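Since the model is a prediction, treat every value here as computed from it, not as a measurement. We count residues from 1, following the sequence as given.
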Amino acid sequence: MRRRTLLSLASATALGGALAACGPAVTGEETDAGSGSGDGSGTVRVGHVPSSLFAPLYVAEAMGFFEEAGITVELTPLKSGQDGIPMLAGDQLDVMIAGFSAGMFNALDQGLAFKIVGSMGISPGDPENSPTALEVSQQLIDDGSVSTVADLAGRQIGVAGGPGATGGYLLAAMLEEGGLTLNDVEVSNLSTPDQEPALTNGSVDAATPSAPFSTAMEEAGVASPLAVPKQGTTGTGVLYSETFVGGELAQDFFSALAEGSRELSTDGTQTDEVYQILADTLGQEIEVLKAAPMYSYLPDLAPQPDQLEAMQAVWIEAEQITYTEPIDVAGIVDASFAEGASA
């Protein structure tokens, strides 16, 4: 397999050198969402970026865990996590499940209020089975121009959302293997589906697609993976509005979400039931989902403040964040719901 061969070579060299997805209700109607009633039932408005990356949400909904908690989930698809930040801060959403971004930190610095309460997909760090990879043009690999991550210095790399998006942070985590930062490469904002054509025509030298796009590139002979995010790397999670944090449904929602996470296997190979849920929710072919590597999930979906600190540092250095004095991450993270879910 191409991924196994090249990544094994890269590791040896390093050592030698030392959709449109909808839930049961996506409406524009007014609700008393998130407030609940005296019996603990109610509607929770959830913004999400439709992706198998957020499998715990779809599994919890399909398996009835929210319903068992007396919760009706109203899903609102978003193009990106950044799009949902003003909605969350303005109480148009109760919950957002999406990727983090430099814009999120800028919003916090500007006074927008919300809490990061949980994590989502975490990189398994497996070079042969990673849902995200740093894919390099096969031509550059074959002619010897690029054989290590360090060889990407000064080169053009396509990233969905650009340097300040979740993909930018994942790229930074992979560049670190070669002693590089985001400032050492040229990052192009390029949607994932557009990355293979860009690699083919030479407009970018590398890209950071997620599966199944990464797998498709490799099978087509367009690119080969040079690095993957190390184990534990994550750039996504669960956010609560300031109002919802103190609401009656906040813990019940998170507990049901974590129950969905516990239905997922830790090695990324899911049951047929889970694959069918994702296929039905995301409108993807089940065989494509089965062939694509998946992230792993913590059983309690605990937030990862160390990753948030790393993101903030990466984006400050890359000047994607408008401030220079880091925000105290402890002030924006609330781990109590994850603790309640594991109790």
Dump the intermediate steps for side-chain contact (heavy atoms from CB on, under 4.5 Å) on Thr132 and Thr233, then the final yes or no. CA-CA 11 Å; Thr132 297; Thr233 304; over 6 Å; no

Using the ring-ring contact (aromatic ring centres under 6.0 Å, His included) criterion, which residues pair with Tyr295? Sequence neighbours excluded. none

Indicate the atoms forming the closest heavy-atom contact of [X] with [Y], along with that distance.
{"X": "Tyr275", "Y": "Thr269", "value": "OH-CA, 3.8 Å"}
{"X": "Val49", "Y": "Gly81", "value": "CG2-N, 3.8 Å"}
{"X": "Pro131", "Y": "Pro124", "value": "CD-CD, 3.8 Å"}
{"X": "Gly84", "Y": "Leu93", "value": "O-CD1, 4.2 Å"}
{"X": "Ala60", "Y": "Leu257", "value": "CB-CA, 4.2 Å"}
{"X": "Val136", "Y": "Leu140", "value": "CG1-CB, 4.3 Å"}

Short question: side chain of [X], backbone of [Y] - any donor-acceptor pair under 3.5 Å?
{"X": "Gln312", "Y": "Ile327", "result": "yes"}
{"X": "Asn183", "Y": "Glu317", "result": "yes"}
{"X": "Asp94", "Y": "Val44", "result": "no"}
{"X": "Asp184", "Y": "Thr181", "result": "yes"}
{"X": "Ser188", "Y": "Leu190", "result": "no"}
{"X": "Gln156", "Y": "Ser203", "result": "no"}
{"X": "Ser123", "Y": "Pro229", "result": "yes"}
{"X": "Trp315", "Y": "Thr322", "result": "no"}
{"X": "Ser52", "Y": "Ala55", "result": "no"}
{"X": "Ser130", "Y": "Gly125", "result": "no"}

Are the side chains of [Y] and [X] in contact, using a 4.5 Å heavy-atom criterion?
{"X": "Val146", "Y": "Asp205", "result": "no"}
{"X": "Ser145", "Y": "Arg155", "result": "yes"}
{"X": "Val204", "Y": "Leu199", "result": "yes"}
{"X": "Met174", "Y": "Val149", "result": "no"}
{"X": "Glu135", "Y": "Phe213", "result": "no"}
{"X": "Met217", "Y": "Gln195", "result": "yes"}
{"X": "Gln270", "Y": "Leu289", "result": "no"}
{"X": "Gln320", "Y": "Val314", "result": "no"}

Rounded to the nearest 0.5 Å, how far does [atom2] of [Y] lie from [atom1] of [X]?
{"X": "Glu259", "Y": "Met63", "atom1": "CD", "atom2": "CE", "result": "9.5 Å"}
{"X": "Asp143", "Y": "Ser137", "atom1": "CG", "atom2": "OG", "result": "8.0 Å"}
{"X": "Ser296", "Y": "Met120", "atom1": "OG", "atom2": "CE", "result": "12.0 Å"}
{"X": "Leu308", "Y": "Phe100", "atom1": "CG", "atom2": "CZ", "result": "5.5 Å"}
{"X": "Lys115", "Y": "Glu242", "atom1": "NZ", "atom2": "CD", "result": "5.5 Å"}
{"X": "Thr148", "Y": "Glu177", "atom1": "OG1", "atom2": "CD", "result": "8.5 Å"}

Is it the case that more than 12 heavy atoms not belonging to [X] sit under 6.0 Å from its [atom1] atom?
{"X": "Gln92", "atom1": "CD", "result": "yes"}
{"X": "Glu273", "atom1": "CD", "result": "no"}
{"X": "Gln139", "atom1": "CD", "result": "no"}
{"X": "Glu309", "atom1": "CD", "result": "yes"}

May I have the step-by-step check of side-chain contact (heavy atoms from CB on, under 4.5 Å) for Leu182 and Leu175, ending in yes or no? CA-CA 8 Å; Leu182 292 178; Leu175 289 174; 4.3 Å; yes

Is the gap between the ring centers of Tyr240 and Phe337 under 6.0 Å? yes

Let me check something: do Ile141 and Leu152 share a hydrophobic cluster, defined by ILVMFWY side-chain heavy atoms less than 4.5 Å apart, either directly or through other members? yes

Can you hop from Phe54 to Ile116 via hydrophobic side chains spaced under 4.5 Å? yes

Establish, from distance only, whether the side-chain atoms of [X] and [Y] form a donor-acceptor pair under 3.5 Å.
{"X": "Gln251", "Y": "Ser255", "result": "yes"}
{"X": "Gln110", "Y": "Tyr323", "result": "no"}
{"X": "Ser119", "Y": "Gln304", "result": "no"}
{"X": "Asp272", "Y": "Gln276", "result": "no"}

Using a side-chain heavy atom cutoff under 4.5 Å and only I, L, V, M, F, W and Y, what cluster partners does Val288 have?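 Via sub-4.5 Å side-chain contacts, Val288 links to none.
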
Can you list the other members of the hydrophobic cluster that holds Leu298, where links are side-chain heavy atoms under 4.5 angstrom apart?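 Answer for Leu298: Ile122.
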
List the steps, then state whether side-chain contact (heavy atoms from CB on, under 4.5 Å) holds for Phe114 with Leu108. CA-CA 8 Å; Phe114 48 87; Leu108 287 163; 3.6 Å; yes

Could you walk me through whether Asp334 and Val245 satisfy the side-chain contact (heavy atoms from CB on, under 4.5 Å) test, starting with their C-alpha distance in whole Å, then the side-chain angles of each, then the deciding distance to 0.1 Å, before giving a yes or no? CA-CA 9 Å; Asp334 186 340; Val245 164; 4.0 Å; yes

Going by the angle between their ring planes, with limits at 30° and 60°, are Phe253 and Phe66 parallel, tilted or perpendicular? parallel

